[in-house]
Amino acid sequence: MGKHVAVVGSGAREHALAAALLRSGKPVRVTVWPGNDGMEGVARGAALPEDPSLASKILSDSEADLVVIGPEKPLMAGLADALRERGIPVVGPNLLAARIEGSKSFAKELMQRVGIPTAEWSRVSGRSGAEELRKRWGFPLVFKADGLAQGKGVAVVKTDLEWEEALSRYFEKKEVPGGETVLLERGLSGPEVSFIVATDGKRFVPFPTARDFKRIHDGDRGPNTGGMGALSPVPGWTPKDQERSCDIIERCLWGLAKGGSPFSGFLYAGLMMTPDGPYVLEFNARMGDPEAQLLFETLGDRALALLEEVAAGSLGRDFTLSPLPRVGVVLASAGYPERPVSGEILEGLPPAGEPLSDGAFYFAGVSREEGVLRSAGGRVLTAVGRGDSLPAAREAAYRLIRRVRLPGGQFRADIALREVGGG
Ligand code: AMP
Ligand code: GLY
């Protein structure tokens, strides 16, 4: 009954991937480990243990022909390495290559070595070193925790007050996750773009460009989140921008391979478009969320073909992806990101499994008991709107999200607003 693909993860990104795989022209069986209760018509496995050798054994016993790892956590635990040791084809980098996301200083050193444009930076161990850099560079300055911090490790500082707060949080209270080592870098400015590719380590296929909206509130205010919405493609993107971004990816892949840690999987460059061209703010070793909910739709019926080629190291030269106008709006629980409220009833959704003409719902933090769908985490779902233009896709996304009722539920009203010429 066709190939059996195991998808590791439980978010809307993994829901969108499962949906894309099920659209594949060929027969395919998809199991999401552990998935969530909003994934209608998709087989689900258990929550996998953190230990990579146990997790890879379970996936191997499930007779998966191919494993796709969604989130960063299992990658940083070495799940891709353990699967490859068992001879199971996998989409996702080994531990050493995943350091491009897991260690900011590793990423910065690599970028310098291979000539990728990135902000000037330095490791700092306390107040006096930081003060010296501040004298040299002035504001804005950016504090970054070296290790994984789930979006909570970065502070952009523009005023004396923010400076004092950051010094205290990073060096005195030491309350920043992943902040055993701290980097200070020069602030850049410009619009941000998510440039994501699928790569087998040698060749790569760029996805259309995307932009995500990280802050909880309209106008990019409030704390950072996992992502409150996204759009694709980014308006005004030029062939020159594409060329420079591909050059960044090529240099990164070359540098990783040369250092003995070739990268296979999804590579995500978080770019800032400065007057001097794209600068890299960060690399991620995985697909973005919520970018995935938009970008996997551009695969049409070729998701399985792409993933198999990535895993086998046989990515075709002629594999190209064309942009499709898409806007994604995330619905989050009350209290997200600090203290998300669970257990509220979700209403207004279309009957499970009913396809929509102008978009789709991809689920994340939800649970179903006796047929009733409830919130069960921070980000609850992404409504993706489709259209033949960005404004049409945006309208579709908001039509969908406004149907849904969730007590205390939060969504941003300004996703893609500026890009369609409003606000
Ligand atoms: P990162 O996790 O490194 O992508 O940083 C998170 C966010 O902080 C980015 O999406 C930017 O909005 C901001 N940021 C990071 N580095 C810089 C920088 N050098 N200059 C200005 N903003 C930055
Ligand atoms: N959307 C940003 C990320 O996935 O890290």
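Starting from 1, each residue takes its place in the sequence as its number. Counting starts at 1 for both ligands and their atoms, in listed order. Values in this document were obtained by computation on a predicted structure and should not be read as measured data.
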Phe296 and Phe207 aromatic ring geometry - parallel, tilted or perpendicular at 30°/60° bounds: perpendicular
Protein residue, atom and distance nearest to atom 16 (N) of ligand 1, heavy-atom basis: Lys144 NZ, 3.1 Å
Sidechain N-carboxylate O distance under 4.0 Å for Asp37, Arg374: no
Within-cut-off N or O pair, Arg286 and ligand 2, under 3.5 Å: yes
Non-hydrogen atom of Gly288 closer than 4.0 Å to ligand 2: yes
Heavy-atom nearest neighbour in the protein, as seen from atom 19 (N) of ligand 1, with distance rounded to 0.1 Å: Glu185 OE2, 2.7 Å
Atom 13 (C) of ligand 1: nearest protein contact (heavy atom, Å): Val156 CG2, 4.0 Å
Carboxylate-amine/guanidinium proximity below 4.0 Å for Glu308 and Arg302: no
Atom indices of ligand 2 within 4.0 angstrom of Asn284 heavy atoms, with elements: 5 (O)
Short N-O contact, Arg123 and Glu109, less than 4.0 angstrom: yes
Taking atom 2 (C) of ligand 2 as the reference point, the nearest protein heavy atom with its distance: Asp212 OD2, 3.1 Å
Residue Lys104 vicinity, atoms of ligand 1 by number, heavy atom under 4.0 Å: 1 (P), 2 (O), 3 (O)
Quick one: side chains of residues 67-74, donor-acceptor pairs under 3.5 Å with protein atoms, not counting sequence neighbours, listed by atom name and distance.
{"residue": "Glu72", "atom": "OE1", "partner": "Arg286", "partner atom": "NE", "Å": "3.1"}

Which residues share a side chain to side chain donor-acceptor pair (under 3.5 Å) with Thr225, sequence neighbours left out: none
Contact (N/O only, under 3.5 Å) between Gly187 and ligand 1: no
Heavy atom of the protein closest to atom 9 (C) of ligand 1 (residue, atom name, distance): Glu192 OE1, 3.5 Å
Nearest neighbour in protein (non-hydrogen) for atom 17 (C) of ligand 1: Leu281 CD2, 3.6 Å
Protein residue, atom and distance nearest to atom 21 (C) of ligand 1, heavy-atom basis: Leu188 O, 3.1 Å
Plane angle bin for Tyr362 and His15 - parallel if under 30°, tilted between 30 and 60°, otherwise perpendicular: perpendicular
Polar proximity ligand 1 side, Asn224 side, N/O cut 3.5 Å exclusive: no
Arg13 N/O under 3.5 Å from ligand 2 N/O: no
Atom 8 (O) of ligand 1: nearest protein contact (heavy atom, Å): Val154 CG1, 3.5 Å
Salt-bridge criterion met for Glu419 and Arg394 (N-O under 4.0 Å): no
Within 6.0 angstrom of Gln112 CD, more than 12 heavy atoms from elsewhere: yes
Heteroatom proximity flag, Glu291 to ligand 2, N/O under 3.5 Å: yes
Aromatic contact, Phe195 with Phe204 (centres under 6.0 Å): no
Heavy atom of the protein closest to atom 18 (C) of ligand 1 (residue, atom name, distance): Val142 CG2, 3.5 Å
Result of checking Arg386, Arg399, Arg403 against Asp358 for salt bridge (charged side-chain N to carboxylate O under 4.0 Å, His left out): Arg399
